[in-house]
There are 2 protein chains.
Amino acid sequence: MEKIVEQALLYDFYGELLTEHQRRIYEDVVLNDYSLSEVAEVLGISRQGVHDNVKRCHKILKDYEEKLHLVAKFESVKHKVNEIHQLTKDCEALDKKELADRVEAISHEILEEL
Amino acid sequence: MEKIVEQALLYDFYGELLTEHQRRIYEDVVLNDYSLSEVAEVLGISRQGVHDNVKRCHKILKDYEEKLHLVAKFESVKHKVNEIHQLTKDCEALDKKELADRVEAISHEILEEL
């Protein structure tokens with residue numbers, strides 16, 4: 001996965017667990033792509049302080065993912081929803097019973113992912 | 001939701017975020033239904049200590065749910081998987097195209113829940 005996409009997903013799933021101050025810095029630097037110096041100036045803290053904060057946030061978000069695996073589970077469910085999408089798109093080639101059985105099987109796999 | 005089911009679900013989703021000591025106490029008291037006194041004796045701590053620990057764990061787990069809503073999302077996805085299950089079970093009554101369209105719509109709703 002591209003690094004910025006991974007960071008955005010981690011933030012999507014665990015951002016609520018950061019403090020408001022951490023969220024602000026992380027959003028500005030990582031998601032909105034402001035420079036460390038710009039963010040430092042606006043917040044009235046040192047450039048090094050912004051850098052350390054971002055690094056700490058990365059670690060916090062990754063630690064949560066190691067424990068809860070929400071991003072991995074989301075990717076896996078997305079994959080299964082895509083399988084359903086392929087089946088419904090190609091349903092001309094399947095009889096109705098087969099379509100129903102395969103959709104049913106995948107939908108149960110989705111629950112097991114969670 | 002019945003309280004014990006809710007507690008078990010909260011523990012399922014967020015138990016990894018407790019310490020090992022907290023997990024042990026929570027599992028014994030809440031999930032395995034040992035008495036406070038039994039757990040206190042085995043761990044060599046006071047009955048009040050066990051009680052306070054369980055109370056603290058409840059609060060930690062509920063605070064995570066307030067922020068991440070994993071149990072609520074799981075319930076919602078389960079509901080949607082049941083809708084798919086009903087459709088595939090009753091597929092005699094639907095033509096194939098309708099079955100495919102409705103399954104497709106629900107599967108996209110599942111992704112949006114996450």
Mind checking the CD-OH spacing from Glu16(A) to Tyr64(B)? Nearest 0.5 Å is all I need.
13.0 Å
Identify the two heavy atoms, one from Leu99(B) and one from Ala100(A), that lie closest to each other, and give their separation to 0.1 Å.
CD2-CB, 4.2 Å
Hey, is CD on Glu41(B) packed in by over 12 heavy atoms from elsewhere, all under 6.0 Å?
no
Inter-residue atom distance His108(A).NE2 - Ile84(B).CD1, 0.5 Å rounding
9.0 Å
So for atom CZ, which belongs to Arg23(B), do other residues, nucleotides or ligands contribute more than 12 heavy atoms lying within a distance under 6.0 Å?
yes
Using non-hydrogen atoms and a 4.5 Å limit, figure out which bit of Asp95(A) sits close to chain B: side chain, backbone, both or neither.
backbone
Value for SG (Cys91(A)) from NZ (Lys97(B)), rounded to nearest 0.5 Å, stands at 7.0 Å
Compare all side-chain heavy atoms of Leu68(B) with those of Phe13(A) and state whether any distance is below 4.5 angstrom.
no
Exactly one of Val77(A), Leu70(A), Val81(A) clears side chain to side chain contact (heavy atoms under 4.5 Å, CB included) with Leu114(B), and that residue is Val77(A)
Is it the side chain or the backbone of Ile110(A) that comes within 4.5 Å of chain B heavy atoms, both, or neither?
side chain
Hey, could you give me the CZ/NZ distance between Phe74(A) and Lys73(B), rounded to the nearest 0.5 Å?
9.5 Å
Name the residue from Leu87(B), Val103(B), Ile106(B) that meets the side chain to side chain contact (heavy atoms under 4.5 Å, CB included) definition with Val103(A).
Val103(B)
Side chain of Lys96(A), backbone of Leu94(B): donor and acceptor closer than 3.5 Å?
yes
